[in-house]
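Working notes, beginning with the structure itself.
Counting begins at 1 with the first residue of the sequence. All figures in this text were calculated on a predicted structure; none of them were measured in a lab. First listed ligand is number 1; within each ligand, the first listed atom is number 1.
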Amino acid sequence: MGDEEMYDIVIIGAGIAGLTASIYARRAGKKVLIVEASSYGGQIINSPNIENFPSYDNVSGIDLMRKTYRQAERLGVEFVFNKVLKVEKKETTFLIVTDDGDFEANAVILASGTQNRRIGLEHESEFMSRGVSYCATCDGALYKDKVVAVYGGGYTAVSGACYLADICQHVYLIHRRNKLRAVGMPVERLKDFKNVETQLSSTIVKLNGEDKLESITLATPEGEKTLPVDALFVTIGREPNVNFIEGLEKDDDGYIVAGEDCKTNIPGLFVAGDIRTKKLRQLVTAASDGAVAATEALEYLQGA
Ligand code: NAP
């Protein structure tokens, strides 16, 4: 190997899982690096109201993650904001190749989360930032007093629709099934808005427009229907993105196979958070994974 800087543990991803793992590893006195492709915080930074994280009645994702990031920083966790291109298992160590330098580690924790699922329609990429968005809280303000649509029936879609209802003239909430997936508080809140129109049992089949999105065509039980909209917020879930390491066991949906001990099929490589095969993907379960993965990595290092 070359002159790569050596770490006890390199963590890929600075969301709640990666940051929690780093806090546990640093408190055990290890030299820890987090490599993150974008900004710290992970997907939760786009949630304006989190009401199910213990100790907070209500907290914004960005506030929560800023605190967690600063906690890790104060403990001496190192950060680089690079994209990981490859993770390679060498004889006893791992080589982490990024778009701006390489690093070496005795153990690696993958906590790189998931990416937005696309609908897969023609013009979807072309209209991105020109009417098509994947984040209501990031881009909603651009469509003040306009007509917008939200696609999906989960918590992200429902809380996105509530957020947009405060800003926009009219919000269509479009979901493929006859029942929303989200239940409870956000769905109750949705009922308070008179400018939200829910369109169930419908799928979006066309994105129409010249240079930007102008309307969407739905397949509904009554036939095709075109709605003029200024923006479409696609919030139909997320997908794992781990194409930078070979030989890793994944399930049919691409999630990394690991049990509650967060151990993958590659010794010394652990996985934490939403990219692990698991039933409940929440902040608390991702944080829990971070603690477990770090503890397992520490045990692995002791034996190494
Ligand atoms: P999600 O719960 O997986 O919901 C995705 C929605 O998109 C579902 O309604 C699904 O339909 C629909 N969908 C999936 N693929 C589709 C496709 N190809 N075409 C059309 N529709 C499609 O995703 P999420 O809402 O982003 O939430 C992700 C996780 O984060 C969940 O565990 C959620 O509980 C959590 N979360 C929590 C909060 C909170 O405040 N507590 C906030 C945001 C997210 P079906 O219903 O038919 O499957």
(message) If the contact criterion is a heavy-atom separation under 4.0 Å, does Ile119 count as touching ligand 1?
(response)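 It does not; every heavy atom stays at 4.0 Å or beyond.
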(request) Check whether any heavy atom of Arg238 sits under 4.0 Å from an atom of ligand 1. (result)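 It does not; every heavy atom stays at 4.0 Å or beyond.
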Identity of the nearest option to [atom], non-hydrogen atoms only, from [options]:
atom	options	result
atom 45 (P) of ligand 1	Gln43, Arg118, Glu239, Arg177	Arg177
atom 19 (N) of ligand 1	Arg176, Arg281, Glu51	Arg176
atom 14 (C) of ligand 1	Asn178, Val158, Ile204, Ile236	Ile236

Are side-chain heavy atoms of [X] and [Y] found at a separation under 4.5 Å?
X	Y	answer
Glu78	Phe103	no
Lys31	Glu5	yes
Leu19	Met65	yes

(request) Using the ring of Tyr134 (Phe, Tyr or Trp, six-membered ring only), decide whether Arg118 places NZ or CZ under 6.0 Å from its centre and within 45 degrees of its axis. (result)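 Here Arg118 passes the 6.0 Å and 45° test against Tyr134.
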Would [X] count as being in polar contact with ligand 1, using the rule that some N or O on each side must be under 3.5 angstrom apart?
X	value
Ala157	no
Ser159	no
Ser47	no

(request) Using protein heavy atoms only, decide if any is under 4.0 Å from atom 28 (C) of ligand 1. (result)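 Looking at atom 28 (C) of ligand 1, one finds that no protein heavy atom lies closer than 4.0 Å.
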Among all protein heavy atoms in this structure, tell me which lies nearest to [atom], with the distance rounded to 0.1 Å.
atom	value
atom 23 (O) of ligand 1	Gly237 CA, 3.6 Å
atom 42 (C) of ligand 1	Tyr155 CB, 3.8 Å
atom 20 (C) of ligand 1	Tyr151 OH, 3.5 Å
atom 40 (O) of ligand 1	Asn49 O, 4.2 Å

(request) Over all heavy atoms of both residues, which pair between Phe233 and Leu164 is shortest? Give the atoms and the distance, please. (result)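 Looking at all heavy atoms of both residues, the shortest contact is CD1-CD1, 3.5 Å.
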List ligand 1 atoms under 4.0 Å from [X], heavy atoms only on the residue side.
X	value
Thr156	24 (P), 25 (O), 26 (O), 27 (O), 43 (C), 44 (C)
Arg181	2 (O), 4 (O), 8 (C), 9 (O), 45 (P), 46 (O), 48 (O)
Arg117	14 (C), 15 (N)

Any chance [atom1] of [X] has more than 12 other-residue heavy atoms, nucleotides or ligands included, within less than 6.0 Å?
X	atom1	answer
Tyr24	OH	no
Asp57	CG	no
Arg27	CZ	no

(message) Is the contact between Asn52 and ligand 1 made by the side chain, the backbone, both, or neither, using heavy atoms and a 4.0 Å cut-off?
(response)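 It is the side chain that touches ligand 1; the backbone stays farther off.
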(request) Using a 4.0 Å heavy-atom threshold (strictly under), name the region of Gln282 that reaches ligand 1: side chain, backbone, both or neither. (result)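 For Gln282, only side-chain atoms sit under 4.0 Å from ligand 1.
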(message) Salt bridge or not between Asp274 and Arg238? Use side-chain N to carboxylate O under 4.0 Å.
(response)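 Arg238 and Asp274: not salt-bridged.
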(message) Taking the basic N atoms (NZ, or NE/NH1/NH2) and the acidic carboxylate oxygens, is any pair closer than 4.0 Å for Lys263 and Glu299?
(response)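 No, Lys263 and Glu299 are not salt-bridged.
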(message) Once rounded to the nearest 0.5 Å, what's the spacing between atom OG of Ser22 and atom CD1 of Ile34?
(response)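 The OG atom of Ser22 sits 3.5 Å away from the CD1 atom of Ile34.
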